[in-house]
There are 2 protein chains.
Amino acid sequence: MTGHRRRVTQQDIARISGVSQTTVSLVLNNRLDAGTRIAPETRERVLEAIAETGYVADPVARRMVARRNRIIGVFTYEAVFPSGTRDFYQPFLAGIEESAERLGCDLLLLTSAPVVAGRRRIFDDGNRFRLADGCILLGRETDAGELARLVAEDYPFVSVGRRDDAGGPVPYVGADYPGAVAALVAGARELGHRRLAYLGSGSRAESRADRRDGFTAALARTGATGTVLAGETQELIARLPELLADGVTALFVEEPADCQPLADRLAALGHPVPAGISVVALGDPTRPATADIDFTGFRIPRREMGRQAVEVLSALLAEESTTAQRLLACDGHRGASLAPPPG
Amino acid sequence: MTGHRRRVTQQDIARISGVSQTTVSLVLNNRLDAGTRIAPETRERVLEAIAETGYVADPVARRMVARRNRIIGVFTYEAVFPSGTRDFYQPFLAGIEESAERLGCDLLLLTSAPVVAGRRRIFDDGNRFRLADGCILLGRETDAGELARLVAEDYPFVSVGRRDDAGGPVPYVGADYPGAVAALVAGARELGHRRLAYLGSGSRAESRADRRDGFTAALARTGATGTVLAGETQELIARLPELLADGVTALFVEEPADCQPLADRLAALGHPVPAGISVVALGDPTRPATADIDFTGFRIPRREMGRQAVEVLSALLAEESTTAQRLLACDGHRGASLAPPPG
DNA sequence: TCAAGGTGCTAATTCGTATTAGCACTTGAC
DNA sequence: GTCAAGTGCTAATACGAATTAGCACCTTGA
């Protein structure tokens, strides 16, 4: 071992090629301004030294002076890789990675953010997210206070998933849940369903609320009647008899992972899916789930959301004008759990 | 928008409280060294100004001084997130993320590395692995030349998976494939198997070679006889009759994803697994695979490998002495595909 | 021969923080 | 009255790259 490891600096390159640090910087940045000219041979010598040493500018120093790193931070409120929700988040990340690769940016996973109360926090972090040019925010729940602070500080970021204003508009690339849910409600109406129910978590997270609101709005438009239940999986299951007694013929299930347990219970109650009752899955399961039934519902364009989130961020950083709040359409999925009401 | 808001700096705090920037820094870092003392009233005044302005130290400037980024690069020879091999790599990444989080480091995914000939390259124009303090290398195949260059440059890195010397010892956290394979060979011997076969890819990648070498070494020790075949899945399947004719009663399969197709063919040939012949899976499938049979074999401690790789890297960076070449034991998996030989 | 204008480079400074060396002043001892 | 020790603070500098201003050397042309 050589013992002392030191970062190669422009100063080193300068020494090797017999020029000043300024010249190295000029060559690196390929400045063609009038007033700054470098002789071709000098340029060659510098580039050679750079190639030999494999020199790369220190992003931290660069950031001190200029404004860009070509590093995009990815902040997730949960760990990225550990399983659990991984299957849900993976497509978002795939899209993010794809866009980043195309833009020639690296991704900084902000793993060092301390987990406080079961969740990572942005601002308790020594503000390490500031190393990135901007951030992508991923995760269903976002701390409203932190969001507001990001907005207030004019920090460039884009949320994957729609967010309510937080002291100002929040840039996001979300999914059009109201539209997707409305389409499903309309489909159920056409099949003859009149009494519908929404089975949700009661969460106030935008992604949840948007589904719920889309449901109630669609009810009014289609002239159907509906009930909205809120609770954990087990509570929802427990309240099925009550819904059945009420004459409900189609269930709109907020969390698709709940569909199978609900269907199992419904079958036990003498209402098999879809002959006895219809069940609709509003999106993709956010936790691992197996299903015997191919549930009708919609697919969240997760990969595309990730892709566009990076594009929006890139536009924000370049100060280009762009639509910074986007809702992407969800693909309807025609499965086998939505059928005409019995009788 | 507000246009551009200037950061509050220590200089601002200093001006407000009528002290020098140095004093602000000292108060912030609560230095208690002999030689640096701050009067309580002065400290109060400074803290007050900090509270008023909401000042937070710029992490970039902070790191500039520390000359360490607390960024760990993760270089993968393939894209990380897109599916395909994702299921294989995910546990490694989970371990890496876990250790990084514990150490307070962020992960830089080197997504900007250009893909040349279907594979990312470390040394190539524009690769920015030097942004990180050090790197974790992930991927079955590694370019020997690139590895040698990293070693020669004394760049801090750790390979996940054992690597042969490359002009010097390569730091790695690998799996003890020879040991794991030997244990399985011994188990087969105890059950009465005498003629064994190794079905492999013929790849020279260390992870593959180690299994193969472990097999032949174990043969010698246990007094069994064995054949080593090399080929793609289809070729291996085609040569099954020849092995059966040869009296082989146990197959050691390098790529676990091959086990099911092999078993299917064996059943068709009148040798169902395990009654007619035993099949052993040497590790975890590196490509998506479904299996009807629970194959006996071993599990690669992928998560732990990722975890320890980051730990080793951290030790290297801190110039602490540590075992920089580690082989972790694999857990044996007792499935249903290894039984006494027929007859 | 000397100014004008072009060419090729560098010194000095900037960014915000941490650290080192040391200055100016007080107190106390003799 | 002088020296030593102690106290409370600051000036200067480093970190690594980018940028601004400008210097020395060359050609030209009159």
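Since the model is a prediction, treat every value here as computed from it, not as a measurement. A note on names: the letters A, B, ... follow the listed sequences, proteins ahead of strands, and every chain is numbered from 1. These values consider heavy atoms only, across backbone and side chains, with no hydrogens, waters or symmetry-generated copies.
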Next on the checklist: For B/T42 and B/R67, find the nucleotide of DNA chain D closest to each by heavy atoms; which residue's nucleotide sits nearer the 5' end?
Outcome noted: B/T42
Next on the checklist: Does anything in residues 46-56 of chain B form a salt bridge (Lys or Arg N to Asp or Glu O under 4.0 Å)? List the pairs, not counting sequence neighbours.
Outcome noted: none
Item to check | Five-pair end axes of the helix from C/dT1-D/dA30 to C/dC30-D/dG1, angle between them (10°) | outcome: 80°
Item to check | Residue list, side chain to side chain donor-acceptor pair (under 3.5 Å) with B/R102, at least two apart or on another chain | outcome: B/E311
Checklist entry - At what distance, to the nearest 0.5 angstrom, does CD of A/Q308 lie from CG of A/L313? => result 13.5 Å
Checklist entry - What residues form a side chain to side chain donor-acceptor pair (under 3.5 Å) with A/S20, not counting sequence neighbours? => result A/T23
Next on the checklist: Please report the distance, rounded to the nearest Å, between CZ in B/R68 and C1' in D/dC15.
Outcome noted: 14 Å
Next on the checklist: Tell me every residue that passes side chain to side chain donor-acceptor pair (under 3.5 Å) with B/R45, counting only those two or more places apart in sequence or in another chain.
Outcome noted: none
Checklist entry - Roughly, in whole Å, what's the span from CZ in B/R15 to P in C/dG16? => result 11 Å
Checklist outcome for this item: Between CG of B/D58 and C1' of D/dC15 the distance, given in whole Å, is 13 Å
Checklist entry - Please give, in whole Å, the distance from D/dA17 C1' to A/N29 CG? => result 8 Å
Item to check | Which nucleotide in C/dC9, C/dA18, D/dG16 has an atom nearest any side-chain atom of B/M64 | outcome: D/dG16
Checklist entry - Just how far, in rounded Å, is P of C/dT10 from CD of A/Q11? => result 11 Å
Checklist outcome for this item: ring-ring contact (aromatic ring centres under 6.0 Å, His included) filter on B/Y172, not counting sequence neighbours, yields none
Checklist entry - Counting only side-chain N and O atoms of A/Y55, is one of them less than 4.0 Å from OP1 or OP2 of D/dA17? => result yes
Checklist entry - Regarding A/S207 and A/R162, is there a side-chain donor-to-acceptor distance under 3.5 Å anywhere? => result no
Checklist entry - For B/S99, which residues count as a side chain to side chain donor-acceptor pair (under 3.5 Å) partner, sequence neighbours excluded? => result none
Next on the checklist: From CD of A/E41 over to P of C/dT7, roughly how many Å is that when rounded to an integer?
Outcome noted: 14 Å
Next on the checklist: Counting only side-chain nitrogens and oxygens, does B/R62 get under 4.0 Å of the OP1 or OP2 atom of C/dA18?
Outcome noted: yes
Checklist entry - B/V65 has a side chain; which of D/dG16, D/dG8, D/dA14 sits nearest to it? => result D/dA14
Next on the checklist: Nearest heavy atom decides the nucleotide; on that basis, is A/V8 or B/A39 closer to the 5' end of DNA chain D?
Outcome noted: B/A39
Checklist entry - What integer distance in Å separates A/I13:CD1 from C/dT10:P? => result 14 Å
Checklist entry - Of the candidate nucleotides D/dG16, C/dT7, D/dG8, which contains the atom at the shortest distance from the side chain of A/R37? => result C/dT7
Checklist entry - Could you give the distance from OG1 (A/T42) to CG (A/L47), rounded to the nearest 0.5 Å? => result 10.5 Å
Checklist entry - Tell me: CD of B/Q10 to P of C/dT19, nearest whole Å? => result 11 Å
Item to check | Close approaches to DNA chain D from residues 17-28 of chain B, in residue order (heavy atom, under 4.0 Å) | outcome: B/V19, B/S20, B/T22, B/T23, B/L26
Checklist entry - Taking only residues two or more places apart in sequence, or in another chain, which ones meet A/F157 in a ring-ring contact (aromatic ring centres under 6.0 Å, His included)? => result none
